[in-house]
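Here the structure comes first, spelled out in structure tokens, and everything after it is commentary.
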Number of protein chains: 2
Amino acid sequence: MTPARMTRQRAAIIDAISDGDFRSAQAWHESLRGAGSAIGLATVYRTLQSLADDGDVDTVVSESGETLYRWCAAHTTHHHHLRCRSCGTAEEIDLPSFEQWSRAIASARGYTEIEHTVELTGLCHACSTELDH
Amino acid sequence: MTPARMTRQRAAIIDAISDGDFRSAQAWHESLRGAGSAIGLATVYRTLQSLADDGDVDTVVSESGETLYRWCAAHTTHHHHLRCRSCGTAEEIDLPSFEQWSRAIASARGYTEIEHTVELTGLCHACSTELDH
DNA sequence: TTGCTACTGATAATCATTGTCAATAAGGTT
DNA sequence: AACCTTATTGACAATGATTATCAGTAGCAA
């Protein structure tokens with residue numbers, strides 16, 4: 001496959017999402033528009049997906065079923081997230097023992113091609129105190 | 001709140017879903033129709049949701065974003081699933097240490113109101129061998 | 001049996017996401 | 001710098017799952 005072309009739109013998206021939050025494609029589209037960048041919604045969807053395929057962004061599915069995207073600093077290692085349900089901030093966590101453990105329990109029951117999803121959500125410190133008055 | 005009325009449709013749904021698979025609302029609707037039960041799609045959605053609220057069915061979100069439902073034998077304890085991506089069969093698993101561990105790591109980083117999702121998927125023994133020829 | 005009201009179902013509406021396709025622009029090549 | 005090939009874009013239509021609407025129906029308590 002040929003490498004992706006660095007268009008104005010792709011650059012704008014990469015620039016925007018490198019601030020660490022998990023947001024939906026529509027939310028990123030809005031921020032970009034708000035920042036003055038004329039960009040189409042379909043392009044945002046397509047570009048985020050292509051970046052996700054390349055491993056440059058992480059995706060997560062929210063409670064309401066939307067897919068959330070955020071920049072991912074090019075780790076190839078599998079990892080998980082601890083995400084704030086209120087502001088979208090997220091930190092990466094890894095669970096080395098969980099990886100092995102899940103594989104073990106699944107194959108013990110005859111399962112192959114094992115995959116897993118693990119997501120932790122909560123309210124970060126800032127949001128916790130704020131919602132407390 | 002008043003307890004749910006036991007209608008013909010609700011009974012048919014409960015009867016149908018007690019066979020252990022995870023399927024989408026639309027899939028359950030089809031099986032019910034196939035079995036001769038005249039029942040509306042909206043009713044299937046509403047009833048499955050109400051059963052889920054009461055803790056009588058488990059829900060899981062598939063890779064493609066559909067919500068899958070299956071009967072849950074009235075445990076109040078939190079648990080997780082090992083589900084076959086091919087046939088939908090699922091078994092329950094529990095991860096006592098994971099529960100505590102996730103709470104610990106999250107609160108160590110200042111998070112409160114912690115929730116988590118853990119789902120294991122794979123190909124069950126039957127499907128593995130079948131897809132192998 | 002009666003009455004109140006929750007439940008049902010056909011269908012329209014919603015919402016996130018993907019497909020379409022002509023116009024545009026990356027970026028390598030003369 | 002002008003040129004060409006083709007990936008990319010964007011407005012909009014289409015999809016697909018789920019939810020809302022609302023008049024008709026049927027639990028079930030009295």
Side-chain angles (χ1 to χ4, degrees), chain A residues 1-17 21-54 56-70 83 85 88 119, chain B residues 1-17 21-54 56-70 83 85 88 119:
Chain A
M1 51 181 168
T2 25
R5 290 182 183 173
M6 183 51 64
T7 63
R8 172 177 64 76
Q9 293 85 343
R10 191 180 182 89
I13 291 174
I14 292 176
D15 182 61
I17 67 176
D21 291 11
F22 267 111
R23 296 191 206 163
S24 68
Q26 316 217 29
W28 286 122
H29 180 239
E30 272 185 63
S31 343
L32 285 160
R33 281 294 180 91
S37 171
I39 189 172
L41 178 57
T43 300
V44 174
Y45 272 103
R46 276 184 301 234
T47 305
L48 286 173
Q49 221 169 55
S50 121
L51 290 169
D53 289 344
D54 294 349
D56 293 327
V57 309
D58 282 329
T59 62
V60 143
V61 178
S62 77
E63 298 73 42
S64 64
E66 291 177 295
T67 303
L68 307 180
Y69 304 84
R70 85 152 197 179
R83 179 169 55 83
R85 284 194 297 275
E119 294 300 334
Chain B
M1 54 183 168
T2 24
R5 290 181 182 173
M6 183 51 64
T7 64
R8 171 179 64 77
Q9 292 85 344
R10 191 181 182 89
I13 291 174
I14 292 176
D15 182 60
I17 68 176
D21 292 11
F22 266 110
R23 297 191 206 164
S24 68
Q26 315 216 29
W28 285 122
H29 180 238
E30 273 185 61
S31 344
L32 286 159
R33 280 295 179 91
S37 171
I39 188 172
L41 178 58
T43 301
V44 174
Y45 271 104
R46 275 184 301 234
T47 306
L48 286 174
Q49 221 170 56
S50 120
L51 290 169
D53 289 344
D54 294 349
D56 292 326
V57 308
D58 282 329
T59 62
V60 145
V61 177
S62 78
E63 298 73 42
S64 63
E66 291 177 295
T67 302
L68 307 180
Y69 304 83
R70 85 153 196 177
R83 180 170 55 85
R85 283 193 297 276
E119 293 300 333

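What's counted below: heavy atoms across the whole structure, side chains too, no hydrogens, waters or symmetry copies. Below, chains carry the letters A, B, ... as their sequence lines are ordered, and counting in each starts from 1.
Taken residue by residue, residues 30-40 of chain A places heavy atoms nearer than 4.0 Å to DNA chain D at A:Arg33, A:Ala38, A:Ile39, A:Gly40.
Atom CG of A:Leu41 is separated from atom P of D:dT8 by 18 Å (rounded to the nearest Å). Rounded to whole Å, atom C1' of C:dT18 lies 14 Å from atom CG of A:Asp53. A straight line from CG of B:Leu48 to C1' of C:dT8 spans 15 Å, rounded to a whole angstrom. When the P atom of C:dT8 is taken as reference, atom CE of B:Met6 falls 10 Å away, rounded to whole Å. With rounding to whole Å, A:Arg10 atom CZ is found 18 Å from C:dA25 atom P. The CZ atom of B:Arg5 sits 7 Å away from the P atom of D:dC28 (whole-angstrom rounding). The CG-P distance, from B:Leu51 to C:dC7, rounds to 11 Å in whole Å. One can place CZ of B:Arg23 at 16 Å from P of D:dA17, the figure rounded to the nearest angstrom.
The two residues B:Ser50 and B:Arg10 make their nearest non-hydrogen contact at OG-NH1, 3.1 Å. When all heavy atoms of B:Val44 and B:Trp28 are compared, the pair lying nearest together is CG1-CB, 4.4 Å. The shortest heavy-atom contact between A:Ser31 and A:Arg23 is OG-NH1, 3.0 Å.
An OP1 or OP2 oxygen of C:dT18 is reached within less than 4.0 angstrom by no side-chain nitrogen or oxygen of A:Tyr45. Between B:Thr67 and D:dT18 there is a side-chain N or O to OP1 or OP2 distance below 4.0 Å. Residue A:Thr7 has a polar side-chain atom (N or O) positioned under 4.0 Å from OP1 or OP2 of D:dT9. Contact check, B:Gln49 against D:dT19: a side-chain N or O comes under 4.0 Å of OP1 or OP2. Residue A:Gln9 places none of its side-chain N or O atoms closer than 4.0 Å to OP1 or OP2 of D:dT8. Regarding contacts with the backbone of D:dG16, every side-chain N or O of B:Gln26 stays at 4.0 angstrom or more from both OP1 and OP2.
At a threshold of 4.0 angstrom between heavy atoms, the contacts of B:Arg8 are confined to the sugar-phosphate backbone, with no base atom among them.
Side-chain contact between B:Ile39 and B:Thr47 is absent, with no heavy atoms from C-beta onward closer than 4.5 Å. Side-chain atoms of A:Arg83 and A:Arg70, non-hydrogen and from C-beta on, never get closer than 4.5 Å to each other.
The base of C:dG9 lies close enough to the side chain of B:Arg46 for a donor and an acceptor atom to sit less than 3.5 Å apart.
In this structure, of C:dG9, D:dT8, C:dT17, it is C:dG9 that holds the atom nearest to the side chain of B:Ala42.
Expressed to the nearest 0.5 Å, how far CG of A:Leu32 lies from CD1 of A:Ile17 amounts to 9.0 Å.
Between A:Ile14 and the options A:Leu51, A:Asp56, A:Val57, a side-chain contact (heavy atoms from CB on, under 4.5 Å) holds for only A:Leu51.
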